[in-house]
Enquirer: 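Handing you a structure now.
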Amino acid sequence: MALFKRRTVGKPGEWFYCLKHGTVEEGPQCRAADRFGPYATREEAAHAMDTARERNLEWETDPKWHDMGKGGKGGTGDADGA
């Protein structure tokens, strides 16, 4: 028995942005790894790359994200980890 049921038919009004083709599609037409969504409207899906860029910028400038010291072990960056 499969753990995950593969959904091949989209719901009406469910929109996705296909990264592979650079297009908006209603319902999941391309594989999940190649798409963003679902979005409530075609317009939201059309702006998926803008939304992703904005979220990435927020994440990259979040001071909590850059709390790791030198060497990637966290703390103050001292060699002994103190």
Enquirer: Taking all heavy atoms of Arg35 and all of Arg31, pick out the closest pair and write down the distance.
Expert: NH1-C, 3.4 Å

Enquirer: Taking all heavy atoms of Thr41 and all of Glu44, pick out the closest pair and write down the distance.
Expert: OG1-N, 3.0 Å

Enquirer: Can you give me the closest heavy-atom contact between Phe36 and Ala48, atom names plus distance?
Expert: CD1-CB, 4.0 Å

Enquirer: Measure the CD-CZ distance between Glu60 and Arg55 for me, rounded to the nearest 0.5 Å.
Expert: 14.5 Å

Enquirer: Using the rule that Ile, Leu, Val, Met, Phe, Trp and Tyr join whenever any side-chain heavy atoms are under 4.5 Å apart, tell me whether Leu19 and Phe16 fall into a single cluster.
Expert: no

Enquirer: If you measure from CG on Asp50 to OH on Tyr17, what distance do you get to the nearest 0.5 Å?
Expert: 9.0 Å

Enquirer: Measure the shortest side-chain to side-chain distance between Glu43 and Trp15 over non-hydrogen atoms and say whether it is less than 4.5 angstrom.
Expert: no

Enquirer: Taking side chain as C-beta onward, heavy atoms only, is Asp34 less than 4.5 Å from His21?
Expert: no

Enquirer: Any side-chain heavy atom of Lys20 sitting closer than 4.5 Å to one from Cys30?
Expert: no

Enquirer: Name all residues meeting the side chain to side chain donor-acceptor pair (under 3.5 Å) criterion together with Asn56; count only those two or more places apart in sequence or in a different chain, and write none if there are none.
Expert: none

Enquirer: Keeping Glu14 on the side-chain end and Pro28 on the backbone end, is there a donor-acceptor pair under 3.5 Å?
Expert: no

Enquirer: Output all residues satisfying salt bridge (Lys or Arg N to Asp or Glu O under 4.0 Å) with Arg42, sequence neighbours left out; order by chain, then residue number.
Expert: none

